[in-house]
Amino acid sequence: QVQLVESGGGSVQPGDSLRVACAASGDTLRSYTLGWFRQGPGKEREFVAAIRWNDGAIVYGDSVKGRYAISRDKAKNTVYLQMNSLKPEDTAVYYCAARARAIISSMSMLRGYDYWGQGTQVTVSS
């Protein structure tokens with residue numbers, strides 16, 4: 001069992017940067033992959049980025065490549081999502097999720113994630 005708590009969302013203007021965090025507790029994360037997904041108004045939940053805890057392997061969704069960066073702090077059991085050059089279409093609730101034993105090709109698949117946080121709202125508007 002893994003518990004996830006997101007923080008750091010807010011309202012920003014286009015072009016701004018924002019960092020959200022996901023604090024994990026419970027089971028050891030050594031065999032887990034931590035991911036970020038988002039769901040905008042009237043849209044399906046979309047894969048953003050994921051990082052494999054033990055070796056740091058990273059996968060990004062096509063819509064955020066080159067603008068977002070995922071990282072982890074092992075000492076704090078926390079995953080970060082640095083979001084740069086934000087656009088209005090990035091507006092969404094951002095969810096942190098965890099899954100066990102993911103291979104690279106499965107890290108972006110929503111259905112494999114067993115644990116979810118409550119989400120944090122990110123709004124990009126002028």
Side-chain angles (χ1 to χ4, degrees):
Q1 289 270 350
V2 177
Q3 292 79 45
L4 304 168
V5 179
E6 301 97 333
S7 61
S11 295
V12 297
Q13 294 187 339
D16 284 354
S17 297
L18 191 66
R19 189 177 77 163
V20 292
C22 172
S25 61
D27 200 4
T28 177
L29 296 178
R30 187 171 56 243
S31 62
Y32 281 84
T33 291
L34 278 291
W36 287 97
F37 292 79
R38 68 184 182 184
Q39 189 164 15
K43 298 180 181 180
E44 294 185 352
R45 196 164 295 191
E46 173 191 23
F47 171 73
V48 175
I51 184 166
R52 199 157 56 191
W53 197 261
N54 63 335
D55 64 1
I58 289 173
V59 176
Y60 290 103
D62 289 341
S63 61
V64 304
K65 281 181 181 177
R67 297 190 299 124
Y68 286 19
I70 189 172
S71 61
R72 70 191 184 315
D73 185 328
K74 288 188 173 182
K76 296 182 178 180
N77 271 6
T78 298
V79 174
Y80 301 97
L81 185 68
Q82 177 68 42
M83 303 179 286
N84 301 318
S85 302
L86 282 161
K87 306 174 183 179
E89 51 264 44
D90 295 318
T91 295
V93 178
Y94 283 71
Y95 296 92
C96 180
R99 60 169 295 167
R101 294 183 292 277
I103 59 175
I104 293 290
S105 61
S106 66
M107 288 169 64
S108 62
M109 296 179 182
L110 184 150
R111 65 176 183 269
Y113 286 81
D114 299 312
Y115 305 102
W116 292 84
Q118 82 286 353
T120 185
Q121 177 71 46
V122 173
T123 302
V124 185
S125 174
S126 55

inquiry  = For a side-chain contact (heavy atoms from CB on, under 4.5 Å) check, start with the C-alpha distance between Trp36 and Tyr68, then their side-chain angles and the critical distance, and finish with the verdict.
reply    = CA-CA 11 Å; Trp36 287 97; Tyr68 286 19; over 6 Å; no
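Asp62 and Lys65 are joined by a salt bridge, as a carboxylate oxygen and a charged side-chain nitrogen come within less than 4.0 angstrom of each other.
Across Thr33 and Ala50, no two heavy atoms sit closer than the pair CG2-CB, 4.0 Å. Closest of all the heavy-atom pairs between Leu81 and Ala49 is CD1-CB, 4.2 Å.
Applying the side-chain hydrogen bond (donor to acceptor under 3.5 Å, both in side chains) test to residues at least two apart or on different chains, the pairs with a partner in residues 46-57 are Arg38-Glu46, Glu46-Ser63, Arg52-Asp55.
Ile104 and Val64 end up in different hydrophobic clusters when Ile, Leu, Val, Met, Phe, Trp and Tyr side chains are linked at under 4.5 Å. Note: the hydrophobic cluster containing Tyr32 does not contain Trp116 (ILVMFWY, side chain heavy atoms under 4.5 Å, direct or indirect links).
Residues passing the side-chain contact (heavy atoms from CB on, under 4.5 Å) test with Gln121, sequence neighbours excluded: Thr91, Val93, Thr123. Listed by chain and residue number, nothing satisfies the ring-ring contact (aromatic ring centres under 6.0 Å, His included) test with Tyr95 (two or more places apart in sequence, or in another chain).
A donor-acceptor contact shorter than 3.5 Å is absent between the side chain of Gln82 and the backbone of Ala69.
Interatomic distance, SG of Cys96 versus CD of Gln3, reported as 12.0 Å (0.5 Å rounding). Taken to the nearest 0.5 Å, the CD atom of Gln118 stands 4.5 Å off from the CD atom of Glu6. Taking CD of Gln13 as the reference point, atom CG of Leu18 lies at 12.5 Å (rounded to 0.5 Å).
Cation-pi geometry between Arg19 and Tyr80 is met: the NZ or CZ atom falls under 6.0 Å from the ring centre, inside 45° of the normal.
Taking the side chain as every heavy atom from C-beta outward, Asp90 and Arg67 approach each other to under 4.5 Å. Counting heavy atoms from C-beta outward, Val79 and Ile70 have side chains that approach closer than 4.5 Å. A heavy-atom distance below 4.5 Å is found between the side chains of Val2 and Leu4. In this structure the side chain of Pro14 reaches within 4.5 angstrom of the side chain of Pro88, judged on heavy atoms.
Within a 6.0 Å sphere centred on NZ of Lys74, other residues, nucleotides and ligands contribute more than 12 heavy atoms.
Between Phe47 and Phe37, the ring planes lie perpendicular to each other; the angle is over 60°, past the 30° to 60° tilted range.
Residue Arg72 forms a side-chain contact (heavy atoms from CB on, under 4.5 Å) with just one option from Asn77, Leu34, Leu29, Ile51, and that option is Ile51.
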